[in-house]
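A short worksheet on the structure shown next.
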There are 2 protein chains.
Amino acid sequence: MKATIKEVAKKANVSPSTVSRVIADSPRISEETKTKVRKVMKELGYHPNAIARSLVNRSTNTIGVIMPKSAHLSLANPFFPEALRGISASANAHGFYVLLSIEEDEHEKHNGIENIVRAGMVDGMIMLYSKLEDKTFNMLRDCQFPFVLVGKPVKGNRVNYVDNDNVYAACEAASYLLEKGRKNIAMITGPLDLVVSLDRLAGYKSALEAHGIAYRGELIRSVEFSRENGYKAIESIFKDGIQPDGVLVTDDLLALGAMNAIKDAGLKIPEDIAMISFNNIPTAEFLTPSLSSVDIHPFDLGYEATELLFKSLGNKNALPQARIIPTQLIIRQSC
Amino acid sequence: MKATIKEVAKKANVSPSTVSRVIADSPRISEETKTKVRKVMKELGYHPNAIARSLVNRSTNTIGVIMPKSAHLSLANPFFPEALRGISASANAHGFYVLLSIEEDEHEKHNGIENIVRAGMVDGMIMLYSKLEDKTFNMLRDCQFPFVLVGKPVKGNRVNYVDNDNVYAACEAASYLLEKGRKNIAMITGPLDLVVSLDRLAGYKSALEAHGIAYRGELIRSVEFSRENGYKAIESIFKDGIQPDGVLVTDDLLALGAMNAIKDAGLKIPEDIAMISFNNIPTAEFLTPSLSSVDIHPFDLGYEATELLFKSLGNKNALPQARIIPTQLIIRQSC
DNA sequence: TTGTAGGCGTTATCAT
DNA sequence: ATGATAACGCCTACAA
């Protein structure tokens, strides 16, 4: 059985409140008493109970992290684990714990998160994605519960968020291809209900526009993140009788599949089709050809999001803030 | 402000205990009252406070997950995220939450975990590694705190654990190389204070023995997990004037570096040096040559560990159990 | 079937 | 500088 504050108090011949003050290192307790009480705490192996503390303080020193269903696939993708590391690093630095919620399906997800929030398990949340019409997002916003989005909110939603400039990043990547003389640039992107997909598509379009090239919808494929879907997307473009000379892919897993589809069609990268992708997985440089990719700095996204959360926890009616984490286009052999 | 059980009670004209019983769906409450109370709960948007519940129940419905420092590097490695998914899947199924602890350094780590445990934040723990003389392990064991090790405990420590048969897996892989006619098989392994490293080394040795080949210590390199270290390990073997015709690597990240070192030395894989690695990262099949690797089924390791934890939570004085998750040697071009 | 009262371990307020 | 007391929100004997 664990020692409680009362037992410490009894053994030290003081009252529980005195012990409590010693724990808080209150200046209103004599050094003498402090050392005496501390000695007893050691002897008894006493450690304050976090639950009881949370109950009276109405705060748990814990932040929640929401990972979307698609993260299951993408856990292979370094984005989520790296973001998690960033979150954890910031939380640790503030003496906070991290409650992780990886949910199974849409329905459960919503319930799970709502439980965590309504049950008072966490003081704030980090959402590791941003999509249109998201129930969890709406719930959090409607509750006025403190949270930070990793990703950009839908227009008009004024909330705390941390994101890359995905429009810029995609524009930069597409421009690189265009300036290499590529004219027919396909795009393979994730689901279009994700804000990140929309942003990157917008960036792609703006690059075309800046280079005086017309946008053609038939060059675009939107699919769920997986290697298989990357493969199929390229296949489908070829089947439509289109042969692009470049392709912008919004995720390296998709790119892996796409590369294989291109090879299987007897075409060469980058000679026939140049490729740039996103996320810069650790093996990108070891592929043949090595894969050009945009590093989005997921650790920083997680870290800064958490820092922002603490800031808003400290000042409940602070205005929503945004932080933009720079991206880095890493050119390798694939373009 | 959130509604409490008292407010529900008042509005429903019943006592708090009745509401409590409705929450627990006690059979001693009439259906009539139940529906009445439930209606009020809905109206008030009532949700039981998990903290208060935890305090009186002395249990938090939360399990902790400990990720070691080296996981930082290895988060690029699918092992940890996949294991996390498995843990989360099992925890969700049991209505439990997951508290994640990724710690910075050894010292902090110990303190962090000890806090979590002693503060009563979690009902049990999953340790995602196993090494010799580990402080956290000893602390947990000495506290008699319920936990499950993913990995094998040091001999003599009777604790719950879930692991692969790493001796067998390494033996199988080494034997494969030997049966392909390779005679001088090097081994690049992780730190030798990790039980997994020792086991795989033992498996390698036993394969040699079974094939009547003498063990030579100069063929072995033990390094921290990283691509750079994989590169250096091969370099160091070459520098010693040794040219192996096969190499067994205990992690794909190490293998990536090793492959490059071999290529840079002007040698070919598998012609000059055949290679088998561990962990089967998603890109293994996309490398050139594609990398043979042992899939250790990290999801299952996490899932089964958590199931085992729940079992031991249910029966505090059950005897320690072990579960072995099968491995799968996946042969590709590198051997 | 339902209500009352005490307590889970802590902190905060008000005394002393 | 320290102690008594009352919460925090819930559960659970024990009573009725």
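In what follows, every chain begins at residue 1, and chains take the letters A, B, ... in the order their sequences are listed.
In this structure, CD of A:Glu31 is placed 15 Å from C1' of D:dT2, rounded to the nearest angstrom. Whole-Å rounding puts the A:Glu7 CD to C:dG9 C1' distance at 11 Å. Rounded to whole angstrom, the span from the CG atom of A:Asn57 across to the C1' atom of D:dC8 amounts to 9 Å. When rounded to the nearest whole Å, the span between CZ of A:Arg58 and C1' of D:dA7 equals 9 Å. Across the protein-nucleic acid pair, A:Ile5 atom CD1 and C:dT11 atom C1' stand 8 Å apart, rounded to whole Å. Counting to the nearest Å, the P atom of D:dC10 and the CZ atom of A:Arg118 are 12 Å from each other. Per the geometry, OH belonging to B:Tyr46 stands 10 Å off P belonging to D:dG9, to the nearest Å. Protein atom CD1 of B:Ile23 is 11 Å distant from nucleotide atom P of D:dT12, rounded to whole Å.
When distances are taken from the side chain of A:Asn49 to each of D:dC10, D:dC11, C:dG9, the shortest belongs to C:dG9. If you check D:dT2, C:dG9, C:dT11 against the side chain of A:Arg53, the one that comes closest is C:dT11.
Heavy atoms of B:Val19 sit nowhere under 4.0 angstrom from any nucleic acid atom. Nucleic acid contact class of B:Ser20 (heavy atoms, under 4.0 Å, all strands): base. Looking at heavy-atom distances under 4.0 Å, B:Pro16 makes no contact with the nucleic acid at all. Residue-level contact check: A:Thr33 touches the backbone only, with heavy atoms under 4.0 Å from sugar-phosphate atoms and none from bases.
Projected onto DNA chain C by closest heavy-atom contact, A:His47 and B:Ile29 fall at different nucleotides, the more 5' of which corresponds to B:Ile29. In this structure, B:Val56 and B:Ser15 both approach DNA chain C, and ranking their closest nucleotides by distance from the 5' end singles out B:Ser15.
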Using distance only, find each side-chain donor-acceptor pair of residues 147-157 of chain B under 3.5 Å and give its atom names and separation, not counting sequence neighbours.
residue	atom	partner	partner atom	Å
B:Lys152	NZ	B:Asp199	OD1	3.3
B:Lys152	NZ	B:Asp199	OD2	3.2
B:Asn157	OD1	B:Arg141	NH1	2.8

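Under 4.0 Å is where a charged nitrogen must lie from a carboxylate oxygen, and between A:Lys36 and A:Glu32 no such pair does.
Separation of atoms CE (A:Met121) and CD1 (A:Ile116) is listed at 6.5 Å; rounding is to 0.5 Å.
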Provide a list of protein-nucleic acid N or O atom pairs under 3.5 angstrom, restricted to nucleotides 13-16 of chain D.
residue	atom	partner	partner atom	Å
D:dA13	N6	B:Arg21	NH2	3.1

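Nearest heavy-atom pair, B:Leu301 versus B:Asn164, reported as atom, atom and distance to 0.1 Å: CD1-OD1, 3.7 Å.
When only modelled atom types and interatomic distance are considered, B:Thr18 and B:Ser15 share a side-chain donor-acceptor pair under 3.5 Å.
Residues A:Lys34 and A:Glu31 are in side-chain contact: their nearest non-hydrogen atoms beyond the backbone lie under 4.5 Å apart.
At the phosphate of D:dA1, neither OP1 nor OP2 sits under 4.0 Å from any side-chain N or O atom of A:Thr18.
Using the six-membered ring where Trp is involved, B:His94 and B:Phe310 have ring planes that are parallel, under 30° apart on the 30 and 60° scheme.
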